[in-house]
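Throughout, protein chains are lettered first and strands after them, A, B, ... in sequence-line order, and every chain is numbered starting at 1.
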Amino acid sequence: MPKKQFRVVFKRERCKGCELCKAFCPKKLIEMDTQVNAKGYCPARMTDQSQCIGCQSCALVCPDGAIEIYEEE
Amino acid sequence: MKPVFQYTKGMTEVSTSYCPGCTHGVAHRLIMETLDEMGLLGKTIGVAPIGCSVVAHQFMNVDMCESAHGRAPAVASGIRRVHPDKVVFTYQGDGDLASIGMGEIMHAAARGEKFSTFFINNCIYGMTGGQMAPTTLIGQRSTTCVDGRTREQAGMPLKMCEILSTLDGPAYIERVALCDPANIRKAKKAVRRAFETQLSGKGFTFVEFLSICPTNWGLTPPKAMEWLKENMMPYYPLGVYREPEVQ
Amino acid sequence: MAEKVLMKGNEAFAEAVIRGGARYYFGYPITPQSEIPEFMSRELPKWGGKFLQAESELGAVNMAYGCGAAGGDGFISSSSPGIALMQEGMSFLCSAEVPLTMLNASRGGPGIGSIQPGQADYFQVTRGGGNGDYRIPVFAPASIQEAINILYDAPALANEWRNPVMVLVDGLMGQMMEPVLLPEPKEPLKSSDIPKAKPWAISGSEKGERSVVKSLRLQPEVLEQHVEKLFEKYDRMERELQRVECTDIEDAEVVFVAFGTMARLATEAMELLQSQGIRAGLIRPITLWPFPYGAFDALTDNTKVVISTELSMGQLIEDVKLGVRGRFPVKLIHRTGGMLPTSLEIVDKTKKILEEVR
């Protein structure tokens, strides 16, 4: 069975840069952008989508509905 | 691409007004996701409190009203009389519910009112800028106890699940924590159980969410999560305080 | 068909508001109106309505706010100190434009005061009491029949204006019995009809549009706009809701102004004076807000003095002075603390005042 591929989509403008997703990603795949969004926060982004295991930890702790996760078909 | 996790349509598109990392956003989402999954969004009436979440109606995509400080359980009792077939809930913080609204919550619970109360306990008054709450822990600093709360000066913090579980009215009481992905999953199960118990007509249901207030605690959100686990959980033990089946 | 029956005030008030369509009652016991919650607990379920005894007056008014916000036609009653607690809710009800019928059986104050009839709630009910810019129409009937007629219309009036409506009585009116005509019961609003009848009410968003009932407006420009909109409504109320009864005022040299129980005593005093050849008249405001200031324009140069006759230390007199606009001297005859003057006492005091002003 081939390894499942996931795609984590960050809604850059919804993110408030709280870093909870980054703290709870078991694979440490999330980093904060150095460029601010329109709200003035440094939003979260993925470093390496291919390593994502689809555990949803980031989306579960996100208070701002800034994260969506898809499975590649 | 197959969606694995999407933002629920139970929440409006409006970005919340809460501070970065505030778990109001998580609690909102869990309640609305559950209503969405149960197909109840159109049949639900919510009551917002006074506090940061006075504006919850901007984000929760159901019919809602505001209530005066602490009075949400009385307001919900009135709504319930008019709409016995709808799903009704209140969403209240610790100052609102456990201080000024103590009379209303106790009597609504004692009457076994058929609505659900979601109680956000973050041990502080958030909206007014970090004053001591009825739930502020001994030793915890706030703007009205800058050297930390003392038993001598302010008495002991209130444990609402324990207090309410002395009453015969409630059908279901559980305390959960919004401090990590595993506990957030458990919290969602509690929300679902509250609504299911409400629908079964067994009586009052109450879910307490141990929550963080990074801004007024003066901690980063990840550090605040740790502080919750280390300080709140020992004083406010998680678990079911009233099982619906036992009724 | 309307029925003629002998009824005690408090029970008649409750019966009238049920017949007027109210189906939800929230209350907390307080003398001298506790017979209203007692009657409601017994009778309302027979009409398909719901009675809920609240944990406090704060609870009661907020239950009523929830009921009204959800589209129900609610009723609450209390007495002076209880009404003071309910002011929190009144401010919210007005801002959120939630209809409600309220009754205040006012008693002697301040503080816990006495349980005897008093009118020292005049400022409390006409000047707000809660926070912010708002207005509540206040009706002050002087007989049980008049109270019935007003309470029968009150739920519809509250709905028409999307505003609370208050009826001010006192313990004397609550306790006395009078033969009254009970009007034909109105068809109440069913819960299932609320989404159509009151689309603004919170009844579940499956009706179409999502409803939000609120009073918070953090942006000052938005709040100012909202309050100005409310005041357009209050201005219309001032024009359309004023009610007053004037007796023999055209040629009167002394004109009493009195409402409620005191108007009954002032009427007797007026008749006694007339029988003694003194031309006396009476202006009886039936609405205390909006106050019928225009009624004073009908006073002629025959008038020597206008006397505010009240069961308080001089509260009504402020509106009397606004109505008189300096045209005549304005004097006060009053008792307070739950004391009532006799009509002879009013006559004697009036004669002394007439000697002073002649």
Side-chain angles (χ1 to χ4, degrees), chain A residues 1-33 35-46 49-73, chain B residues 1-30 32-33 36 52-53 59-61 120 122 176-189 209 211-215 219-226 228-229:
Chain A
M1 202 169 120
K3 184 170 164 272
K4 281 185 181 175
Q5 283 293 315
F6 294 95
R7 178 155 205 89
V8 180
V9 178
F10 286 91
K11 295 181 186 166
R12 190 181 158 84
E13 292 309 323
R14 290 192 74 96
C15 180
K16 293 177 189 158
C18 74
E19 304 192 15
L20 283 172
C21 52
K22 182 181 162 189
F24 285 101
C25 175
K27 298 297 228 182
K28 302 289 167 211
L29 300 175
I30 299 170
E31 65 176 12
M32 308 315 287
D33 198 340
Q35 303 290 308
V36 296
N37 63 13
K39 286 197 182 91
Y41 298 118
C42 293
R45 65 179 180 201
M46 282 297 268
Q49 293 278 7
S50 68
Q51 298 295 308
C52 176
I53 56 170
C55 72
Q56 302 176 35
S57 291
C58 54
L60 281 166
V61 297
C62 176
D64 291 297
I67 302 173
E68 290 188 341
I69 305 167
Y70 298 89
E71 188 183 334
E72 309 267 12
E73 287 171 298
Chain B
M1 284 199 302
K2 191 173 77 180
V4 179
F5 188 102
Q6 281 184 309
Y7 200 45
T8 171
K9 64 176 186 296
M11 294 290 284
T12 63
E13 281 298 303
V14 182
S15 224
T16 71
S17 50
Y18 307 123
C19 302
C22 171
T23 39
H24 267 313
V26 178
H28 281 29
R29 191 192 74 225
L30 295 182
M32 290 299 122
E33 261 176 12
D36 187 6
C52 296
S53 51
F59 318 126
M60 294 177 163
N61 201 5
I120 305 298
N122 58 13
V176 294
L178 304 177
C179 59
D180 56 40
N183 275 292
I184 290 169
R185 282 183 210 275
K186 281 187 199 155
K188 187 168 169 187
K189 288 200 179 95
F209 297 94
S211 302
I212 62 170
C213 181
T215 299
L219 297 171
T220 65
K223 288 264 182 244
M225 293 288 198
E226 285 168 30
L228 185 161
K229 282 184 202 173

Return the [atom1] to [atom2] distance between [X] and [Y], rounded to the nearest 0.5 Å.
X     : Y     : atom1 : atom2 : value
B:F5  : A:S57 : CZ    : OG    : 11.0 Å
B:F59 : A:D64 : CZ    : CG    : 10.0 Å
A:E71 : B:M1  : CD    : CE    : 11.0 Å
B:C22 : A:L20 : SG    : CG    : 10.5 Å

What do you reckon, is [atom1] of [X] surrounded by more than 12 foreign heavy atoms closer than 6.0 Å?
X      : atom1 : result
B:K223 : NZ    : no
B:K9   : NZ    : no
A:K27  : NZ    : no

Where do [X] and [Y] come nearest, in terms of heavy atoms and distance?
X     : Y     : result
B:P20 : A:C18 : C-CB, 3.7 Å
B:Y7  : A:E68 : N-OE2, 3.6 Å
A:Y70 : B:P3  : CD2-CA, 3.5 Å

Checklist entry - Can you pull out the residues in residues 182-189 of chain B with any heavy atom less than 4.5 Å from chain A? => result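 Against chain A, the residues of residues 182-189 of chain B that fall inside the cut-off (heavy atoms, under 4.5 Å) are B:I184, B:R185.
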
Checklist entry - Looking at side-chain heavy atoms only, is the closest gap between B:T220 and A:E19 below 4.5 Å? => result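 Heavy-atom side-chain distance check fails, nothing below 4.5 Å.
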
Next on the checklist: Does any part of the side chain of A:P63, heavy atoms only, come nearer than 4.5 Å to the side chain of B:Y18, both counted from C-beta?
Outcome noted: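 Of all side-chain heavy-atom pairs linking A:P63 with B:Y18, none is under 4.5 Å.
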
Checklist entry - When heavy-atom pairs shorter than 4.5 Å are enumerated against chain A, which of B:H24, B:R29, B:M11 gives the highest number? => result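 Option with the top pair count is B:R29.
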
Next on the checklist: If we define contacts as heavy-atom pairs under 4.5 Å, which of A:C62, A:A23, A:C58, A:C15 has the most with chain B?
Outcome noted: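 That would be A:C62.
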
Item to check | Closest-packed option against chain B by number of heavy-atom pairs under 4.5 Å, given A:E73, A:E72, A:R14, A:E13 | outcome: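 Sorted descending by pairs with chain B, the first entry is A:R14.
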
Checklist entry - Which bit of B:E13 is near chain A, if near means a heavy-atom gap under 4.5 Å: side chain, backbone, both or neither? => result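 It is both, since atoms from each part get that close.
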
Next on the checklist: Is it the case that the side chains of A:K16 and B:T16 hold a donor-acceptor pair, with the cut-off being a distance below 3.5 Å and no angle test?
Outcome noted: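 There is such a pair (donor and acceptor under 3.5 Å, judged by atom type) between the side chains of B:T16 and A:K16.
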
Next on the checklist: Between A:K11 and chain B, with a heavy-atom cut-off of 4.5 Å, which part of the residue counts as in contact: side chain, backbone, both or neither?
Outcome noted: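 The answer is the side chain of A:K11.
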
